[in-house]
Amino acid sequence: MINLKKISSKWQKKWDEKKIFKSVSGKNNFYVLEMFPYPSGSGLHMGHLRNYAIGDAFARYKRMKGFNVLYPMGYDSFGLPAENAAIKQKVDPRKWTENNIKQMRKQQKSIGLSYDWSRELMTHSEEYYKWNQWIFLKFLEKGIAYKKEAPVNWCPGCKTVLANEQVVSGKCWRCKSQVENKFLGQWFFKIRDYAEELLNGLDGLKNWPEKVKIMQKNWIGRSEGTEIEFKIGKEKVAIFTTRADTLFGVTFMVFAPEHPLVAKWVKGTKYEKEFNSFLKEVQKEDKFERMAEGGEKKGMFIGKYASHPITGEKIPLYVGNFVVYEYGAGAVMAVPAHDQRDFEFAKRFKIPIKVVIQPSSYKLDVTTMSQAYTKDGKLVNSPNFNGLGNRKAIVEIGKFLKQKKLGKAVVNYKLRDWLISRQRYWGTPIPIVYCDKCGMVPEKKLPVLLPKDVKFTGEGNPLEDSKSFAKCKCPKCGGVGRRETDTMDTFVDSSWYFLRYCSASKKLPFESDPVNKWMPVDQYIGGIEHACMHLMYARFFTKALRDLKMVKFDEPFARLLCQGMVLKEGVKMSKSLGNVVEPEVIMDKYGADTARWFILFTALPEKELEWCEGGVDGCFKFLNKICSLLDEVEYGNEMGSKEKYLIGKMHRTIEKVENYLEKFELSLAIGAVMDLVKHLVKYKKGEVNKKVFLEVVENLALILNPFVPHLSEELWSVLGKKGFTSLAKWPKYDLKKIDLKAEMAEEAIGVVMGDISTVLELIGIKKPSLIKLFVADKWKYDFITKFKKLLAKDRNPGMIIKGLMVGELKKHGKEISKLVPYLINNSSKLPEGKLDQKSELTALEENKEAIAEEFECSVEIIVGGLEEKARKAMPGKVGVLVE
RNA sequence: GCGGACGUGCCGGAGUGGUCAAACGGGAUGGACUCAAAAUCCAUUGGCUUAGUGCCUACGCAGGUUCGAACCCUGCCGUCCGCACCA
């Protein structure tokens, strides 16, 4: 009896000693990667365990399949929690982080994951973040990185700015504080320049979940429209609209309060005071409330007018809380009759409403309208365009504007540039020096190290107070310089770490050659929460690095799997809810294999996993059955149908497990293994054919490796085998070794297709006592539904039921099965012309005698159906059988 | 508002046109073993039942397509998730 709990550390040690998972680039490269973890203080949680169990199973399977697998692990170790710990617990963030990593690594090792630990990386190490800085400077050179004053999301909890992607429902994605608006000088990456490519690239990602692609698509938010120039005094403002057809309905314009032109215009006017308090109010308003649809429309007139580009009419200018500064021009032309927001705004400020689109079924009346009309219709009140369908009008008006040089067709994106500066300590310093003489100078001497003379007070950025850091020499003139104190968003670190695993160069972030050999990642696994963050950034980085000629591919991750959450009683396991089950507790109680087995078996990887202690216990019991498989066996040499059946079962199981693994249906793969074990246990109860039994157990040991590697190795060694199953070849299945007759005898039902002679040959029956011919009859289809029951009835030895599903075949336009040609060849009494169900039935009836004579048995004709499914299960075979 | 996913037995969950009263697992009940329990094994686990290779009702609800639907289509209800005043 194998002791499940005791074998884990034994094999982990052996794997470690022999360094069997060290990967070297060669032929058949295959890169399996899980999203690397943040080393938090609470260590590994169930989500991690699930993530790694899935990835490891796949990596192990691919390795056994003969692939040269790269399967590394590392730590995303820069980030706020470390700094917060430093503030709260007065610990050095580096120490705190490194302790956590130590802890986490230990936990990971105890699961028996087959990582190549020699490639481990930590993003907070100098040799890693040096290259963040190096890439930053390359981006700066290329114009991908830039600094600008911008309204930003400020998280008062984290005391730093956030990227758009990190604001969830108006709150900080990490600490859930309400995000505030601020206007600050910040560093950005021009991800927007790649918007079109990021969008189009999604189509090529055939093996990504649709859901993630849709989320990214929505996030990029491409929309086609028209840019229209409005003259405002001496200025020209080109606004963006998707509804150029409503141009003649414009009765006012609304600017975002942050728009710099607005401040300029109101300066020194009677509107200045009111505007300033309005701006303050809007900025204080929390972003989510401000943006939410149906939110209160606030605004004010700013005493300026624009002139309509075509009619020259005077158009009053307003500022409004609903206009987003960063999108389009930060200003809109307002058409209250045909836009709900504009309508509400116009009602509130008593601005005229002008209908320019009329629906066909009724007539819009400004005095009675209670909401904007946003559907299709024909243009009215639009000189030269009246009567035109509005969709056509968009094109026509666009053409007209272009001709007059007043506008053009443009494409707009919701995606904003990626704000990467963070006003915090525990991140990669941005390698820039400000000098009064030279301005902004890149620091070429890398790395710019994080200083140690800092205090964590929780107030402000510690880097600003560091004497050794903030003050420095200008790299250009040698004069006094000021160092940039912003650090980089940690998502910069994770945007290229998968490249560094391929080649941890000392001269470059990575060497192109090995990277091009391993990349793209063949299988990436992680949570869906990164759909619009990490996964978008990494795609952007890859494209940017490609443009820097550092890599030769466009997409970093060929195939993506987003694993589902781990739930307890229907809700996500989380500390705040107190429903956390610690992986370590489970590992201690049952051992690593049980934990892995349970987590892989209970739900398909993409689905949510409901944690249930009873289920874990069940898995433990089941694995123990495997453990005692080799105990007290009574060996003999019998070679009957049971033995043949078992061999067949084994081949079928290997085939199934392989197919399921390829499709990532791990729970079904385990189900198939369990089925085999069940048969083995059953078989073992009688006298056992040693050769057959051991062959099956050997193969079982091999196919267990991806799921329960320790048990797999142990079983292998108990069998007296040499080497590791982890390095062994995946067994080859051979469906020819399946003895159909034995299978039918053991399972009572099998499925065979062919003409009658073929069927007889396949099942090894020379003289059947009865042949039943199945015909689906349109006029007697109630029989069809009882097909299964008929089957169950006819379990008499030597009897064949041949099925034929006429309706199905007819639908697919196929010829009417092999049975009919057989009959045609053997009958002179067949009807002329086309065969339909009815004539087939007649034909069968007429040929009943002939068949009976040929096979020397009685023949019955049954009206019933036949399963397409059966054909799928055993391609090229259909029919049915019996004991 | 827009977009997406899902709704199957006591529970977790397979199945996505015909071997379906529904894989696999958990739980429950009965039985075997035992002084007893754990473990293990066997049986039962939609209803009715003259117990039969029997009948009826079931895969959120209501329709439709089909010889045939848990599976395809339409509408509705419910749950969950993502985006959200994007002009």
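Values below: all heavy atoms of this structure, side chains included; hydrogens, waters and symmetry mates excluded. Predicted model only: the values in this text are computed from it and were never measured. Per chain, numbering begins at 1; letters A, B, ... match sequence-line order.
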Roughly, in whole Å, what's the span from CD in A:Q166 to C1' in B:rC83? 17 Å
What integer distance in Å separates A:K217:NZ from B:rC86:P? 18 Å
Kindly say whether, by distance alone, the side chain of A:R222 makes a donor-acceptor pair under 3.5 Å with the base of B:rC86? no
A:W611 and A:F598: aromatic ring centres closer than 6.0 Å? yes
Classify the ring geometry of A:H259 against A:Y325: parallel below 30°, tilted from 30° to 60°, perpendicular beyond 60°. perpendicular
Do A:K607 and A:L604 have side chains that get closer than 4.5 Å, going by heavy atoms? yes
RNA chain B: A:V332 or A:N218, which has the more 5' nearest nucleotide? A:N218
Rounded to whole angstrom, note down the C1' distance from B:rG46 over to B:rC42. 23 Å
Rounded to whole Å, how long is the line connecting atom CZ of A:F707 with atom C1' of B:rC24? 14 Å
A:R416 side-chain N/O to B:rC86 phosphate OP1/OP2 under 4.0 Å: no
What is the distance from atom CD of A:E224 to atom CZ of A:F240, rounded to the nearest 0.5 Å? 8.5 Å
Near-ring test A:F252/A:F345, centroid separation under 6.0 angstrom: yes
What's the base orientation of B:rG52: syn (chi within 90° of 0) or anti? syn
Assigned partner base of B:rC86, Watson-Crick or wobble definition, under 3.5 Å: none
In this structure, how many angstroms lie between the P atom of B:rC83 and the CD1 atom of A:I528, rounded? 11 Å
Which value, in whole Å, describes the distance between the C1' atoms of nucleotides B:rG30 and B:rU19? 31 Å
Taking the P atom of each, how far is B:rA84 from B:rG78, in whole Å? 25 Å
Distances for protein N or O near nucleotides 4-14 of chain B N or O, under 3.5 Å:
from	atom 1	to	atom 2	distance (Å)
B:rA14	OP1	A:K607	NZ	3.2

Under a 3.5 Å limit for both distances, which nucleotide forms a Watson-Crick or G-U wobble pair with B:rG30, could you say? B:rC42
Check: A:C172 and A:L162 side chains under 4.5 Å, non-hydrogen atoms: yes
Can you tell me which nucleotide in B:rG26, B:rC85, B:rG82 comes closest to the side chain of A:C612? B:rG26
Between B:rC71 and B:rU8, how far apart are the two C1' atoms, rounded to whole Å? 11 Å
Looking only at the side chain of A:F322 (C-beta and beyond, no hydrogens), which of the listed nucleotides B:rC85, B:rA87, B:rC86 gets closest? B:rC85
Can you tell me how far C1' in B:rA21 sits from the matching atom in B:rU45, rounded to whole Å? 12 Å
For B:rU49, give the paired nucleotide (Watson-Crick: N1-N3 plus N6-O4 or O6-N4; G-U: N1-O2 and O6-N3; both under 3.5 Å), or none. none
Opposite nucleotide pairing with B:rA5, Watson-Crick or G-U, both atom distances under 3.5 Å: B:rU79
Within this structure, what is the OH-to-C1' distance between A:Y325 and B:rC85, rounded to whole angstrom? 19 Å
Applying a 4.0 Å non-hydrogen cut-off, can you work out what A:K213 is touching in the nucleic acid: base, sugar-phosphate, or nothing? nothing
Going through the checks in order, is the salt bridge (charged side-chain N to carboxylate O under 4.0 Å, His left out) test met by A:R391 and A:D245? CA-CA 7 Å; A:R391 287 180 193 245; A:D245 52 327; over 6 Å; no
By nearest heavy atom, map A:Y413 and A:K678 onto RNA chain B; which one lands nearer the 5' end? A:K678
Find the partner of B:rU74: check Watson-Crick (N1-N3 plus N6-O4 or O6-N4) and G-U wobble (N1-O2, O6-N3) distances, both under 3.5 Å, and reply none if neither fits. B:rA62
Determine the interatomic distance between C1' on B:rA70 and the same-named atom on B:rU57; round to the nearest Å. 15 Å
Check the pair A:E281, A:K298 against side-chain contact (heavy atoms from CB on, under 4.5 Å), reporting the backbone distance first and the verdict last. CA-CA 10 Å; A:E281 193 191 319; A:K298 290 181 195 161; 3.5 Å; yes
What is the distance, rounded to the nearest whole Å, between atom CG of A:L415 and atom P of B:rC83? 14 Å
Starting from P on B:rC85, measure out to CD on A:E326 and report it in whole angstrom. 11 Å
For A:D339, is there an ion pair with A:R243 - N to carboxylate O distance below 4.0 angstrom? no
Please name the nucleotide paired to B:rA69 by Watson-Crick or G-U wobble geometry with both distances under 3.5 Å, or report none. none
Which value, rounded to the nearest 0.5 Å, describes the distance between A:M215 atom CE and A:C562 atom SG? 8.5 Å
B:rC73 and B:rU65, which share atom name P, separated by this distance in whole Å: 15 Å
Quick one: what's the B/S/- string for nucleotides 39-45 of chain B, heavy-atom cutoff under 4.0 Å, read 5' to 3'? SSSS---
For the backbone of A:L247 and the side chain of A:H308, can you confirm whether one donor and one acceptor N or O come within less than 3.5 Å of each other? yes
Sub-6.0 Å ring centroid separation between A:F255 and A:Y318: no
Give me the distance, rounded to whole Å, that separates B:rA22 from B:rC59 when you measure between the C1' atoms they each carry. 9 Å
Nearest whole Å is fine: how far is B:rC2 P from A:K414 NZ? 13 Å
